[in-house]
Amino acid sequence: MFTLEPLLETFQTGSGFWSPIIWIVAIIVAFLVAVILRGFGKKEYKEKTGQTQAFLSGNPEYEKEQMHIKGSNLYWGFTESLEWVFDALKKMHTGNVSDYALWFVIVVAILFIVLITGENLMGAI
Amino acid sequence: MDFLQISQTGLTVIIGTIALALFGIFFGLVYKGIDRKLSAHMQGRIGPPIRQPFRDVVKLFTKENIVPENAIPWIFNLVPLVGLVATISILLYLPLGGFQPLFPGKGDLILILYLLIIPSLAMVIGGFSSGSPYATIGAQREMATMIAYEFPLAIIIITIAWRLSIQGVTNVFALSSIAATPVWNIAGPLGFIGFIILLLVLVIITPAELSKIPFDSPEAETEIAGGLLTEYSGRNLAMFYLTDGVKTVAMASLIIALFFPYNLSPLFGLESYPAFAVDIAFYLAKVFLVILFSVTLIRVSVARLKIDQIVYTYWVPLTLLSLVGLICIMWDQTIMANFGLQPVFEMLGIV
């Protein structure tokens, strides 16, 4: 038989918790409040006139393909400011398997050092 | 849970959400007005009256709600509502006015972090759906900004939760637990420095969360004509305007809950209504101070950063700074707690 009980439970992750049903009800109420508020605003506008053209500071509009951001530029700003990191990473990717194996050994060695020193340090404390 | 309990909880959610929505919108606009007035005075201008944001909303409601030809109308019209609704729902889980959150056991800090992303994400989707080049650039920038500030923000939250878990606090991500155990009360000298660093980083994260100068490159009126809001007008723009106000209150309340959860009423031994009045007034004063330091003072004193500078600021200096704060708090808990101040001073040759 269908019961409401499981839906009303608060989900526990061990350290975090949330109750989806409370949030959903709150969202619906808040949505109604927002829609009512929005309803006070004017609905009309002049369709298919100059005001519905994209604002481009008076410049002519080019083809859509030329004016939209490409997927490769989606994170521009991010790639630009961290270019020095990406450059260093690119240099590591030589395509040579023996280089990759060497990196693997180095990383494992560092992990061992961190783990063993960490354990000794905690033991000392 | 019987029917009576369910209907009681349902009624609390409904009335609570309406009350919190009105509270957030009203005080969001009031603080927006104060911020504008103060920043004008700081720049040697008279500035608009404090009630100006209310007039702005009324004015926007009388303007045409233009949907551009290139736009995807249903997404373009829906996302301003989504942003406002998600922001209002954050208030449900935050301690406001010196009171416990409305639903203390129903949502935690991690949920708040996720909900804080939704308004920014709504603006990104709105920008992309506008079909305007300016808006698309703004949306792209907003996305990069979001990724940038989330990293140091996550370090701050995790550090506070870790420190509380060491203290033996249960439910470390619950705002009620965090507010009941102020971090300053449990920190030693090093931890105190660590928490001051984390507070400083959080104060610098706040303008980016709220798209304020110097982190407002997604809007950048003088450069990309309002960026992701370029094509928004009338009631849709009013919704984003209200979202900004409510989010300001939510962010300030979050900083207060994490770092300044103190109330005045226990100090004066007050109870009942006088205690409520004093605590609410004290909370509103704290919100004002947080907005003054994290929004007003910052936005009048520095110029806008470029998007790559924003990402660099958050991912390099501020992330390193928050890691220094984290290390200070960890050392405070291990070295200081085990050896005490005296041996550390002796080791450094101070004593």
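Quick note on labels: first sequence line is chain A, next is B, and so on, each numbered from 1. Just so it is clear, the structure is predicted and the values come from calculations on it, not from any experiment.
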Residue among N236(B), V67(B), N70(B), V58(B) with most heavy-atom pairs under 4.5 Å to chain A:
V67(B)

Chain B contact via L37(A) - which portion, at a heavy-atom distance below 4.5 Å:
both

Heavy-atom proximity to chain A below 4.5 Å, by part of E69(B):
both

Look only at the side chain of Y232(B) and the backbone of A238(B), and say whether a donor-acceptor pair between them is shorter than 3.5 Å.
no

Looking at T79(A), V29(A), L82(A), L32(A), which one has more heavy-atom pairs under 4.5 Å with chain B than the rest?
V29(A)

Report the residue from I112(B), L164(B), I157(B), I178(B) that forms a side-chain contact (heavy atoms from CB on, under 4.5 Å) with F173(B).
I157(B)

Residue L60(B) versus chain A: region with a heavy atom under 4.5 Å:
neither

Comparing T17(B), D108(B), T62(B) against chain A, the one with the most heavy-atom pairs below 4.5 Å turns out to be D108(B)

Looking at S130(B) and S132(B), would you say the former's side chain and the latter's main chain have a donor-acceptor pair under 3.5 Å?
no

Would you mind checking which part of L242(B) comes under 4.5 Å of any heavy atom in chain A, side chain (CB onward), backbone (N, CA, C, O), both or neither?
side chain

Side chain S233(B), main chain E64(B), donor-acceptor under 3.5 Å:
yes

What residue, out of L111(B), L92(B), V82(B), L22(B), has the most heavy-atom pairs lying under 4.5 Å from chain A?
L111(B)

Contact origin within V33(A) toward chain B - heavy atom pairs under 4.5 Å
side chain

Centres of the W23(A) and Y93(B) rings: under 6.0 Å?
no

Contact origin within I88(B) toward chain A - heavy atom pairs under 4.5 Å
side chain

With only heavy atoms counted, which part of I25(B) is less than 4.5 Å from chain A, the side chain, the backbone, both or neither?
side chain

Part of L78(B) lying under 4.5 Å from any heavy atom of chain A
side chain

Sort I22(A) into side chain, backbone, both or neither according to what part of it lies under 4.5 angstrom from a heavy atom of chain B.
both

Could you pull out the closest heavy-atom pair between A225(B) and T230(B), with the gap in Å?
O-OG1, 3.2 Å

Among V57(B), N77(B), L20(B), who wins on heavy-atom pairs under 4.5 Å with chain A?
N77(B)

Checking Y312(B) against chain A: side chain, backbone, both or neither under 4.5 Å from a heavy atom?
both

Measure centre to centre between the rings of F215(B) and Y314(B), then say whether the value is under 6.0 Å.
yes

Looking only at heavy atoms, the pair that brings S165(B) and V172(B) closest together is N-CG1, 3.3 Å

Where the side chain of E231(B) meets the backbone of G131(B), is there a donor-acceptor pair that is under 3.5 Å apart?
no

Checking heavy atoms, do the side chain of A174(B), its backbone, both or neither come under 4.5 Å from chain A?
both

Backbone N/O of G95(A) and side chain of Y100(A): donor-acceptor pair under 3.5 Å:
yes

Between I14(B) and chain A, with a heavy-atom cut-off of 4.5 Å, which part of the residue counts as in contact: side chain, backbone, both or neither?
both

Segment of V316(B) engaging chain A (4.5 angstrom heavy-atom cut-off)
side chain

Spell out, as yes or no, whether a donor-acceptor pair under 3.5 Å connects the side chain of W76(A) to the backbone of A144(B).
no

